[in-house]
Peer 1: 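First the structure, which I've put down as structure tokens, then a few questions once you've had a look.
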Amino acid sequence: MAISNGTNGKKAGKPFPPGVHVPSLTWFSDTPNQEIDWEVQEKHLSFLIESGLHGIVLAGTNGEAVTLSPSEKSQLVKTTRELSIRLGRPELTVILGCGGGSTRQVIDETRLAKDSGADFALVLVPSYFHFAMNEDAIVAFFEELADASPIPVLIYNFPGVSAGLDVNSEMLEKLGHHPNIIGVKLTCGGIAKVARIRSRFEPEQFCALAGQSDWLLPAISIGGIGTITGLANIYPRACLELYDLAISGRTKEAEKAQIELAAVEWGFAKGGINGTKWVVAKYLGYPEASCHTRRPYPRYSDAKKQAWIMDIMRPLEGKEKSLAKI
């Protein structure tokens, strides 16, 4: 169904840019209302922008999207865009996680994204009534959304946070023909989907991105264009180095870098969002009071878990610092 104030099924913008994109963490003050700590938020966004990453996702899973209001999402986009201009990177790709329990809500968020200055919308399958979301319903949701969205849509396939709903290869092939759906972030670990997508589409039409950096090299080797990885919140330059090695065909060096990154990313995977924020704050020198997730999600306060995640993350610390000096 075409919506008159959307794109009406036409292409809304440029293809999704290749490279390493980071789902930025969102930082909150240690107060009863846990408002966004804008001082720490701007410091972190500046760190990401200056590292050279190709794009920033706001209000993704790592950004605690489900806890954010529309006005907070809008301000995050505006702040990121203002910082990118101030820091000499006006071309920086800005992506907003757009979600909701209904097609109407998600369409509204894509409009908010456009009005705030975002380039793309990253969208999960609505999953509250997951038992009713069959394949036809999922495809129809994305098609109606893409008809109405004023910016291109990047499908976010993450069954782990979508009640197990998976956008499978057949659905992706159908959706990939929509001119305003430009790709998919695969946080399902489905590397075979990368190859299937590449066999059907040129990346400029519909692309695949690894949802973690621990399989970036394999993804690129079969047609993926990059990654959206939480690890870039702490080791952005190490992620960029792997990407550069992979696309330049320096296979042996890329394999070594991939193995190193995969070992470290396990800390983020097992530590969860609260462990991720805690260790990033520790490493980057942010106030520990600002590293806590919004309630009701618990604090990362177990000393044994803290020691474990620090040990897991430490091996790339020296490399990241040396890359920052280049």
Side-chain angles (χ1 to χ4, degrees), residues 21-28 34 55-70 72-73 76 95-103 105-110 113 118 120-135 137-139 141-142 145 153-169 171-172 175 181 183-191 193-194 208-215 219 227-233 265-280 292-300:
H21 306 263
V22 58
S24 175
L25 298 166
T26 308
W27 304 91
F28 305 109
Q34 289 189 291
I56 295 180
V57 176
L58 303 158
T61 304
N62 277 266
E64 298 176 65
V66 294
T67 75
L68 298 174
S69 68
E72 287 174 325
K73 288 185 174 185
L76 283 166
I95 308 110
L96 182 66
C98 297
S102 69
T103 307
Q105 286 177 307
V106 184
I107 290 171
D108 284 345
E109 290 226 333
T110 65
F120 300 95
L122 179 67
V123 181
L124 283 165
V125 178
S127 59
Y128 186 83
F129 295 111
H130 58 91
F131 45 82
M133 292 297 289
N134 58 28
E135 291 188 11
I138 292 171
V139 170
F141 160 71
F142 278 112
L145 170 66
V153 172
L154 183 69
I155 297 167
Y156 185 9
N157 192 42
F158 192 179
V161 298
S162 299
L165 295 175
D166 177 58
V167 186
N168 64 35
S169 294
M171 296 155 73
L172 289 171
L175 292 169
I181 300 177
V184 59
K185 176 191 177 186
L186 296 167
T187 311
C188 54
I191 192 166
K193 289 179 180 175
V194 179
L209 295 109
Q212 303 94 356
S213 61
D214 55 5
W215 56 289
T227 182
I228 299 176
T229 174
L231 191 63
N233 278 288
E265 181 139 7
W266 175 236
F268 270 25
K270 190 174 180 182
I273 182 59
N274 49 4
T276 293
K277 292 183 75 176
W278 183 87
V279 76
V280 171
H292 308 302
T293 50
R294 269 186 170 163
R295 295 184 297 275
Y297 306 105
R299 297 188 175 196
Y300 197 73

Peer 1: Once rounded to the nearest 0.5 Å, what's the spacing between atom CD1 of Ile228 and atom CD1 of Ile56?
Peer 2: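 With rounding to 0.5 Å, CD1 (Ile228) is 12.0 Å from CD1 (Ile56).
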Peer 1: Quick one: list whatever passes ring-ring contact (aromatic ring centres under 6.0 Å, His included) with Phe141, sequence neighbours left out.
Peer 2: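 By the ring-ring contact (aromatic ring centres under 6.0 Å, His included) rule, Phe141 matches no residue at all.
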Peer 1: Hey, what's the ring geometry for Phe158 with Tyr156, parallel, tilted or perpendicular (30° and 60° as the breaks)?
Peer 2: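 Answer is tilted, since the angle falls between 30° and 60°.
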Peer 1: Short question: side chain of Asn233, backbone of Leu25 - any donor-acceptor pair under 3.5 Å?
Peer 2: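 A pair under 3.5 Å: yes.
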Peer 1: Using 0.5 Å steps for rounding, measure from the OG1 atom of Thr276 to the CD atom of Glu265.
Peer 2: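 If we round to the nearest 0.5 Å, Thr276:OG1 and Glu265:CD are 9.0 Å apart.
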Peer 1: Kindly give the heavy-atom pair with the smallest separation between Val194 and Ala219, and that separation in Å.
Peer 2: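 The pair with the smallest heavy-atom distance is CG1-O, 3.6 Å.
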Peer 1: Atom CG of Leu231 and atom OG of Ser213: how far apart are they, to the nearest 0.5 Å?
Peer 2: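 Reported to 0.5 Å precision, the distance equals 4.5 Å.
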Peer 1: Counting N and O atoms only, with roles assigned by atom type, does the side chain of Ser69 sit under 3.5 Å from a partner on the main chain of Glu72, one being a donor and the other an acceptor?
Peer 2: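 Yes; judged by distance alone, with no hydrogens or angles, the pair exists.
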Peer 1: Compare all side-chain heavy atoms of Asp214 with those of Phe268 and state whether any distance is below 4.5 angstrom.
Peer 2: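 Of all side-chain heavy-atom pairs linking Phe268 with Asp214, none is under 4.5 Å.
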Peer 1: With a 4.5 Å heavy-atom cut-off, do Leu68 and Leu58 have their side chains touching?
Peer 2: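 No, their side chains stay 4.5 Å or more apart.
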Peer 1: With sequence neighbours left out, what residues match Ala269 under side chain to side chain contact (heavy atoms under 4.5 Å, CB included)?
Peer 2: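 Partners of Ala269 by the side chain to side chain contact (heavy atoms under 4.5 Å, CB included) criterion, ordered by chain and then number, come out as Trp266.
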Peer 1: Minimum heavy-atom separation for Gly63 to Thr26, with atom names?
Peer 2: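 Closest approach of Gly63 to Thr26: O-OG1, 2.8 Å.
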Peer 1: Are Leu175 and Val139 close enough that some pair of their side-chain heavy atoms sits under 4.5 Å apart?
Peer 2: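 SC-SC contact between Leu175 and Val139 confirmed.
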Peer 1: Hey, is the main chain of Pro23 close enough, under 3.5 Å, to the side chain of Asn62 for a donor-acceptor pair?
Peer 2: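 Pair absent, no side-chain N/O of Asn62 close to backbone of Pro23.
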Peer 1: What are the two closest heavy atoms between Ala137 and Ala132, and how far apart are they?
Peer 2: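 Here Ala137 and Ala132 meet closest at CB-O, 4.2 Å.
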Peer 1: Applying side chain to side chain donor-acceptor pair (under 3.5 Å), can you list everything that pairs with Thr227, at least two apart in sequence or on another chain?
Peer 2: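 By the side chain to side chain donor-acceptor pair (under 3.5 Å) rule, Thr227 matches no residue at all.
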Peer 1: List for me each residue that meets side chain to side chain donor-acceptor pair (under 3.5 Å) alongside Trp27, sequence neighbours excluded, and say none if there are none.
Peer 2: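 Expected list: none.
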Peer 1: Please enumerate all residues that pass side chain to side chain contact (heavy atoms under 4.5 Å, CB included) together with Asn168, with sequence neighbours excluded.
Peer 2: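 Asn168: side chain to side chain contact (heavy atoms under 4.5 Å, CB included) contacts with Glu135, Asp166, Glu170, Met171.
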Peer 1: Which residues pass the side chain to side chain contact (heavy atoms under 4.5 Å, CB included) test with Thr67, not counting sequence neighbours?
Peer 2: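 Partners of Thr67 by the side chain to side chain contact (heavy atoms under 4.5 Å, CB included) criterion, ordered by chain and then number, come out as Phe28, Glu64, Arg294, Tyr297.
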Peer 1: If we ignore hydrogens and angles and just use 3.5 Å, is the side chain of Gln34 paired with the main-chain N or O of Arg295 as donor and acceptor?
Peer 2: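 Pair found, side chain donor or acceptor close to backbone of Arg295.
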Peer 1: I need the Tyr128 OH to Ser102 OG distance, nearest 0.5 Å.
Peer 2: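 Here the rounded value is 13.5 Å.
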Peer 1: Taking only residues two or more places apart in sequence or in another chain, which ones pass side chain to side chain contact (heavy atoms under 4.5 Å, CB included) with Glu109?
Peer 2: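 Partners of Glu109 by the side chain to side chain contact (heavy atoms under 4.5 Å, CB included) criterion, ordered by chain and then number, come out as Pro70, Lys73, Cys98.
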Peer 1: Show, in sequence, the C-alpha distance, side-chain angles and deciding distance for Leu209 and Leu154, and conclude whether the side-chain contact (heavy atoms from CB on, under 4.5 Å) test is met.
Peer 2: CA-CA 10 Å; Leu209 295 109; Leu154 183 69; 4.0 Å; yes
Peer 1: Do you know the tightest heavy-atom contact between Leu96 and Ala59?
Peer 2: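 Closest pair (atom of Leu96, atom of Ala59, distance): CD1-CB, 3.8 Å.
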Peer 1: I'd like a table of donor-acceptor pairs (distance under 3.5 Å, sequence neighbours excluded) in which one partner is a side-chain atom from residues 183-191, with atom names and distances.
Peer 2:
none

Peer 1: Mind checking salt bridge (Lys or Arg N to Asp or Glu O under 4.0 Å) for Arg299 and listing every partner two or more places apart, or none if nothing turns up?
Peer 2: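 Scan of Arg299 (salt bridge (Lys or Arg N to Asp or Glu O under 4.0 Å), adjacent residues dropped) gives Asp30.
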Peer 1: Between atom CZ of Phe142 and atom CD1 of Ile155, what is the distance when rounded to the nearest 0.5 Å?
Peer 2: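 One gets 5.0 Å once the value is rounded to the nearest 0.5 Å.
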Peer 1: Sequence neighbours excluded, which residues qualify as side chain to side chain donor-acceptor pair (under 3.5 Å) partners of Thr293?
Peer 2: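 Once residues adjacent in sequence are excluded, Thr293 has no partner under the side chain to side chain donor-acceptor pair (under 3.5 Å) criterion.
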Peer 1: What are the two closest heavy atoms between Pro126 and Met133, and how far apart are they?
Peer 2: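 Closest approach of Pro126 to Met133: O-CG, 3.6 Å.
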Peer 1: Distance check, rounded to the nearest 0.5 Å: Leu122 atom CG versus His21 atom NE2?
Peer 2: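 Here the interatomic distance stands at 11.0 Å.
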Peer 1: Tell me which pairs pass salt bridge (charged side-chain N to carboxylate O under 4.0 Å, His left out) where either residue lies in residues 267-276, with sequence neighbours left out.
Peer 2: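 Counting only pairs at least two positions apart or across chains, no salt bridge (charged side-chain N to carboxylate O under 4.0 Å, His left out) contact touches residues 267-276.
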